[in-house]
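A short write-up of the structure that comes next.
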Amino acid sequence: KINLLFPTQYQLESLHEACQPAAYSHDDGEVSEKLGAGRLDATAFATQFSLENTGLVDAVGQSLLEGTAVGRDIRSELYELNIYGASNYIGPHKSATNGDKIFGFLDIVFPTPHTGGICSLHNNENECRVDFATMLSEAQIPLVGYAAYFKEVQREIDPITSGHRLTLSYKLYVASSGDSPSATMIWAPGPFESSLETALAEFVNDPKVLSNGGYLGFGLRHQYPVSSEMRVDTLRSCLKGSDAIITRVLNKLHLSWSLRVLYRDSVSHSEQTFVLHRFISDLSQKDLVWSHWGAGEKLGLGAEFVRFVDESGNDDEKRAGDYSKYSEDVVDIIQMTEMPSVTNVHSQYLAYGNEAMMGNLYGDICLVAEVPAKVLY
């Protein structure tokens with residue numbers, strides 16, 4: 001038996017020796033070299049640490065999920081213990097999942113004396129580094145640290161320079177309708193939901209903003225599974241984090257919204273257009289694409305040209321498009337959050353005009369809200 005708040009060096013060394021060597025799969029499917037870190041499956045040990053009594057599930061609902069857990073029963077499942085000794089480290093990897101219900105992971109870091117072992121979380125170009133060793137050693141009373149992250153995030157542990165780093169890891173998932181109710185039900189709104197609702201209501205009610213109607217475009221901050229030819233609005237029930245908060249605010253403001261693919265269609269540096277489409281298109285599968293084709297002819301039913309404008313209706317110079325040779329209507333759109341999105345697609349195609357050239361179709365899955373035309377008296 002080990003008191004994880006006050007363990008002895010002998011106890012930690014004995015625990016490390018009792019563990020199996022840890023090995024983690026990388027994105028290419030290969031298993032990393034066994035680097036000395038120890039692992040115990042949850043079936044191989046017992047712990048008196050009670051996650052339910054810490055309130056951390058509520059904290060995850062407030063920060064990691066940013067309000068998307070409203071009305072959902074969030075569960076945790078202990079699945080492993082990890083211990084790292086001097087010189088042990090784990091390279092970038094994603095934690096394994098064995099079910100669609102799992103949306104993320106929670107690591108509990110105990111205040112065992114050690115140095116090094118900085119935890120890095122990577123998601124696309126974003127990185128977060130946490131030095132639990134320093135944080136916990138400077139605390140006046142024994143504390144535990146925690147890191148909660150979505151399942152698509154890569155985790156990395158830097159080499160331990162001295163001592164032992166000890167963690168318990170939990171899978172996080174949403175209970176299905178057939179599961180018995182949990183004592184922990186999260187109903188909290190997102191931390192910025194109220195202020196976003198106020199600001200967005202003021203913005204769309206401004207008579208200068210999209211006076212003739214149009215769209216508000218929001219880039220997605222999280223990654224979602226996509227496939228060729230899929231209707232992207234089928235992902236609306238999968239939205240999470242800040243993406244889901246935006247949809248709740250739009251619903252409160254009675255603004256109709258949907259998920260679309262925002263395509264930047266570029267045949268040359270001087271000729272580009274922007275198209276919203278309901279489906280993911282792969283033009284590389286087409287034998288013939290004429291450069292003068294309109295959005296619907298090129299991408300199919302449900303595609304429409306859009307023109308980026310500012311709040312006063314002026315062209316957004318960073319995203320200027322040339323629509324002069326097309327007869328189709330062009331709808332104004334205002335970028336509300338950063339684009340491109342985390343979830344994106346790309347295809348190349350052979351375009352024919354005065355001469356044959358390669359065209360590129362870059363698409364970002366985005367959230368689009370429809371703003372009706374203003375009625376002016």
Leu51 and Tyr170, any side-chain heavy atoms less than 4.5 Å apart: yes
Note, Glu197 side chain near Arg248 side chain (heavy atom, < 4.5 Å): no
Side-chain heavy atoms of Thr115 within contact of Ile160, under 4.5 Å: no
Side-chain touch Phe105/Phe150, heavy atoms, less than 4.5 angstrom: no
Any donor-acceptor N or O pair under 3.5 Å, side chains Ser120, Arg129: yes
Check: Asp107/Tyr149 side-chain N/O donor and acceptor closer than 3.5 Å: yes
Sidechain-backbone polar pair: Asp131 side chain, Thr134 backbone, donor-acceptor under 3.5 Å: yes
Test item: Asp233 side-chain N/O and Leu259 main-chain N/O as donor-acceptor pair under 3.5 Å: yes
Any Cys19 side-chain heavy atom under 4.5 Å of Leu81 side chain: yes
Glu156 versus His122, side-chain donor and acceptor atoms under 3.5 Å: yes
Validation row: Gln48, Lys1 side chains within 4.5 angstrom (heavy atoms): yes
No-hydrogen, no-angle side-chain donor-acceptor test under 3.5 Å, Arg260 and His277: no
Sub-6.0 Å ring centroid separation between Tyr173 and Phe103: no
Ring pair (Phe, Tyr, Trp, His ring centres under 6.0 Å) involving Phe203 - partner list, sequence neighbours excluded: none
Any side-chain heavy-atom pair of Ile118 and Val130 under 4.5 Å: no
Salt-bridge contact Asp243-Arg221 (side-chain N to carboxylate O under 4.0 Å): no
Any side-chain donor near an acceptor of the partner, Thr234 and Arg236, under 3.5 Å: no
Glu13, CD atom: more than 12 neighbouring heavy atoms under 6.0 Å: yes
Side chains of Pro111 and Leu5 in contact at under 4.5 Å (non-hydrogen atoms): yes
Ser312-Asn314 side chain donor-acceptor pair, cut-off 3.5 Å: no
cation_pi(Arg165, Tyr84) dist<6.0 Å, angle<=45: yes
